[in-house]
Enquirer: 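Sharing a structure with you now.
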Amino acid sequence: MDRRLFLSRLGAGAGVALAVTCLGSCMGGAEPDPSGVPVDFTLDLNQSPNLQSKGGFMVISNVLVARTVQGEYVAATVICSHEQQKKVVYDKAGNNFHCTAHDARFDVNGGGLNAKGSKNLTVYHTALSGSTLRVFSTSL
Ligand code: FES
């Protein structure tokens with residue numbers, strides 16, 4: 001194969017690979033990520049005691065993962081949209097995310113519940129498979 005033919009075929013292959021990658025990851029509503037880093041990790045719930053009871057939560061690399069009082073798994077950034085302090089926790093009494101810096105509150109879908117929370121909060125998807133919980137952003 002001559003060099004020109006090889007490069008031509010390589011270019012076509014790269015285009016197809018790019019299209020497949022984009023179809024898999026570019027569809028749907030991408031969520032803004034305050035850190036700019038896509039989120040995608042799994043947790044073994046058998047090794048995560050804080051998530052074994054309703055109302056518990058834990059933080060992994062700026063991502064808050066909580067088990068709501070209804071038993072659902074939710075995830076959000078710990079970086080508050082108000083002044084970017086890393087003080088967001090899950091408040092089981094109110095079933096919402098709460099920034100302890102200035103009292104911003106967000107529902108479990110990231111919607112702001114008061115003036116300090118008016119910029120909403122980045123939340124992530126969760127998917128449970130057996131005892132494995134995947135936490136991921138749509139921007140992957
Ligand atoms: S930084 Fe969170 S409420 Fe101000």
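In this chain, residues are counted from 1 in sequence order. Every number for a ligand or one of its atoms is a count from 1 in the order of the listing. Small disclaimer: the values here were computed from a predicted structure and weren't measured.
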Enquirer: CD/E72 to NZ/K54 distance, rounded to the nearest 0.5 angstrom?
Expert: 10.0 Å
Enquirer: Look up atom CZ in R134 and atom CG in D40, then write down how far apart they are to the nearest 0.5 Å.
Expert: 4.0 Å
Enquirer: Could you check whether any side-chain N or O of D91 sits under 3.5 Å from a backbone N or O of N95, counting only pairs where one atom can act as donor and the other as acceptor?
Expert: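 No, D91 side chain to N95 backbone: no donor-acceptor pair under 3.5 Å.
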Enquirer: With T132, which residues qualify under side-chain contact (heavy atoms from CB on, under 4.5 Å), at least two apart?
Expert: T42
Enquirer: Show all protein N/O/S atoms under 2.8 Å from atom 2 (Fe) of ligand 1, or state that there are none.
Expert: C80 SG, C99 SG
Enquirer: Kindly state each residue pair satisfying ring-ring contact (aromatic ring centres under 6.0 Å, His included) with at least one member in residues 61-86, sequence neighbours excluded.
Expert: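 For residues 61-86, and leaving out neighbouring residues, the ring-ring contact (aromatic ring centres under 6.0 Å, His included) pairs sorted by first residue read H82-H102.
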Enquirer: Could you list the residues that satisfy side-chain contact (heavy atoms from CB on, under 4.5 Å) with K119, not counting sequence neighbours?
Expert: S81
